[in-house]
Amino acid sequence: MSYLDICIIGWNLNAFMFVVNFLIAIRVISTQDRSKLQEESMVLKELKEELEEYYPNRTITTLITYLIPFTAFFRMIFRLVEMFFFFQKNKEAKMFDYMVFKYSSDINKAKNSVL
């Protein structure tokens, strides 16, 4: 197996994880009403803006992870495992609750590292 074959496999796995991520987003969006989604979107937008104060190049690094073979695959596997345990611990939680938790914990990590 050549290095090119390994890279192609890695990119295919990254693309697969992109599709999985997209399908999860579509599923979450399709199960809720529009007004509730808009309210949740505003809350998440505020959290995202606060997080981007600490990590201004976050969007670029996410794009780079999809270009480097296997990186997005392992990153998404870690996120899916993290989500699984979050939902196991919090039975009544929704994806919105997980996203608020994740943004808040990342913001708190950034605040603590600055101090």
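This chain uses plain numbering: 1 for the first residue, then up along the sequence.
In terms of modelled atom types and a separation under 3.5 Å, the side chain of Ser113 and the main chain of Ala110 share a donor-acceptor contact. Of the possible donor and acceptor atoms, none in the side chain of Asn21 sits under 3.5 Å from a partner among the backbone N and O of Met17.
Rounded to the nearest 0.5 angstrom, Ser41 OG and Arg34 CZ are separated by 11.5 Å. Of the inter-residue distances, the one linking Thr71 atom OG1 with Trp11 atom CH2 reads 11.0 Å to the nearest 0.5 angstrom. From Gln32, atom CD reaches atom CZ of Arg27 across 11.0 Å, with rounding to the nearest 0.5 Å. One finds the CZ atom of Phe101 at 4.5 Å from the OG atom of Ser105 (value rounded to the nearest 0.5 Å). Atoms CG and OH, on Asp106 and Tyr55 in that order, are 6.5 Å from each other to the nearest 0.5 Å. Taken to the nearest 0.5 Å, the CE atom of Met95 stands 9.5 Å off from the OG1 atom of Thr31.
Residues Ile29 and Met83 do not share a hydrophobic cluster, defined by chaining ILVMFWY side chains whose heavy atoms lie under 4.5 Å apart. Using a 4.5 Å cut-off between side-chain heavy atoms of Ile, Leu, Val, Met, Phe, Trp and Tyr, with links allowed through other members, Phe70 and Val20 fall into the same hydrophobic cluster. The hydrophobic cluster containing Leu37 does not contain Val43, counting ILVMFWY residues as joined when their side-chain heavy atoms lie under 4.5 angstrom apart, directly or transitively. A continuous path of Ile, Leu, Val, Met, Phe, Trp and Tyr side chains, each step under 4.5 Å between heavy atoms, connects Ile77 with Phe86, placing both in one hydrophobic cluster.
At a threshold of 4.5 Å between non-hydrogen side-chain atoms, the residues Lys94 and Glu40 count as touching. Contact of the Met99 side chain with the Lys48 side chain is not registered, since no non-hydrogen atoms from C-beta on lie closer than 4.5 Å. In this structure, Leu44 and Phe96 have side chains that are in contact, with non-hydrogen atoms separated by less than 4.5 Å.
Closest approach of Ile107 and Tyr54 over heavy atoms only: CG2-CE1, 4.2 Å. Scanning all heavy atoms of the two residues, the minimum distance from Phe18 to Tyr66 falls at CB-CE2, 3.8 Å. Between Ile9 and Met1, the closest heavy-atom pair is CD1-CE, 3.4 Å. Here the closest non-hydrogen pair linking Tyr103 and Leu47 is CB-CB, 3.9 Å.
Under the side-chain contact (heavy atoms from CB on, under 4.5 Å) test applied with Arg75, the options Thr62, Asn14, Leu80 reduce to a single match, Thr62.
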* **Asp97 vs Glu92, side chain to side chain contact (heavy atoms under 4.5 Å, CB included): CA-CA, chis, key distance, verdict** => CA-CA 10 Å; Asp97 300 323; Glu92 298 297 320; over 6 Å; no

* Would you check, one step at a time, whether the test side chain to side chain contact (heavy atoms under 4.5 Å, CB included) holds for Phe74 with Leu13? => CA-CA 9 Å; Phe74 290 122; Leu13 288 173; over 6 Å; no

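Relative ring orientation between Phe87 and Tyr98 is described as tilted, the plane-to-plane angle lying within the 30° to 60° band.
Atom CZ of Phe16 has 12 or fewer neighbouring heavy atoms from other residues, nucleotides or ligands inside a 6.0 Å radius.
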